[in-house]
Chemist: 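Can you keep this structure in mind? I'll have questions shortly.
Order of listing sets the numbers, starting from 1, for every ligand and every atom in it. Position 1 is the first residue of the sequence, and the numbers go up from there.
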Amino acid sequence: MAAPRHSCLFVLSSAAEGVSASSFLQAYNLVSPNCTVQLASPNGKNIEYVKQDESNRRWFNEFRAKASSTPIGLETVDPARYATVFIPAAPGAVHDLLKNQDLAQIISHFVREKKPLCAVGMGVAGLFGAKKDNGSWWFEDYSLTGPSVFEEARHAEFASLPVIPEDFIKEHGGQYSSSEPDAIHVIIDRHVITGQNVQSTIMAVQNLILMSTQKSGKTAPLR
Ligand SMILES: *[C@@H]1O[C@H](CO)[C@@H](O)[C@H](O)[C@H]1NC(C)=O
Ligand SMILES: *[C@@H]1O[C@H](CO)[C@@H](O)[C@H](O)[C@H]1NC(C)=O
C-alpha cells in the first residue's frame, strides 16, 4: 500500500535577484517523489531561477510548462495543510522574504507546532521576520547556520545587502556557526535544519525528508 503523501511548502523569493536554480532543482527532485510540492511566493509572483547552466536549462523549460510551477501567494497559504516548509538558497530572499509578514505567520505556525522546517543559504533570511508574541525572535535560542560574512563579502552586492545573516543571527541571540566558504555545512536543532550555502542543499534536504518521515511514524518495522 502506498504511504500517504505529505504536502511540502516551498517558499520562494520573487525578487529580481532570484532563487538559485541548482538549490531549487536539487531540493525539488529529492522531495517531489514523496511529497506534493506547493510553491509559494510573495503575491504569487513569478520566480527568477538564477545561474541556470547547460545541464539544467532544459529541465527548467519543461518545468515552467507545468501548472505546478506557478506559485500561489504566501498570503493565501494555510500552514496547517503542510507537513514541512523549505526555503531554497535565494539571493532575492533578503529583499522580499526578509520582512514578509505572511511568511512570518507561516514560520511562527511551524515553530509552535514543532514541524520540520529547512532553509538554505540566503533563504535563511526568510526566518528572520518570525517573532514571538512578546516581540523576541522565534529562533533566539536555536543553533543555525547561513552564509558567513566571509562568504558574502566575495560578492559585489555585499555592501548593499539589507542584512548579513551571520550578524543577524548573532545579534538576536541565535548560536551561529559556519564552515569554510562553499563547504557543506548543515545544522540541525530540534525541528529546524539550516544549510550554509547552495552546496549544502542536498544534505539539508535529505535531513528534512528523514525528519518528516520519522515524525509521521513511517519507520520500517524492526526485523
Ligand atoms: C519515497 O517513496 C518511495 C516510493 O513510494 C519509497 O520507496 C521510499 O521509501 C520513500 N522515501 C521516503 C524517505 O519516504
Ligand atoms: C520573550 O519570551 C521568551 C520566552 O518565551 C524569553 O526568553 C524572552 O526573553 C522574552 N523577550 C522579551 C523581549 O521579553
Chemist: Need the ligand 2 atom indices (1-based, order shown) with element for anything under 4.0 Å from a heavy-atom of Lys132.
Modeler: 3 (C), 5 (O)
Chemist: Run the numbers for me: atoms of ligand 2, each under 4.0 Å from some heavy atom of Glu140, listed by number.
Modeler: 3 (C), 6 (C), 7 (O), 8 (C)
Chemist: Taking atom CZ of Phe158 and atom CD1 of Ile164, what is their separation to the nearest 0.5 Å?
Modeler: 4.0 Å
Chemist: With under 30° as parallel and over 60° as perpendicular, where do the rings of Phe24 and Tyr49 fit, or are they tilted in between?
Modeler: tilted
Chemist: Mind telling me whether Tyr142 and Phe139 have parallel, tilted or perpendicular rings, with 30° and 60° as the class edges?
Modeler: perpendicular
Chemist: Among all protein heavy atoms, pick the one closest to atom 10 (C) of ligand 2 and tell me residue, atom and distance.
Modeler: Asn134 ND2, 2.5 Å
Chemist: Please name the residue in the list Leu117, Leu127, Ile188 that meets the side-chain contact (heavy atoms from CB on, under 4.5 Å) test with Thr194.
Modeler: Leu127
Chemist: Against heavy atoms of Ser136, which atoms of ligand 2 measure under 4.0 Å?
Modeler: 1 (C), 8 (C), 10 (C), 11 (N), 12 (C), 13 (C)
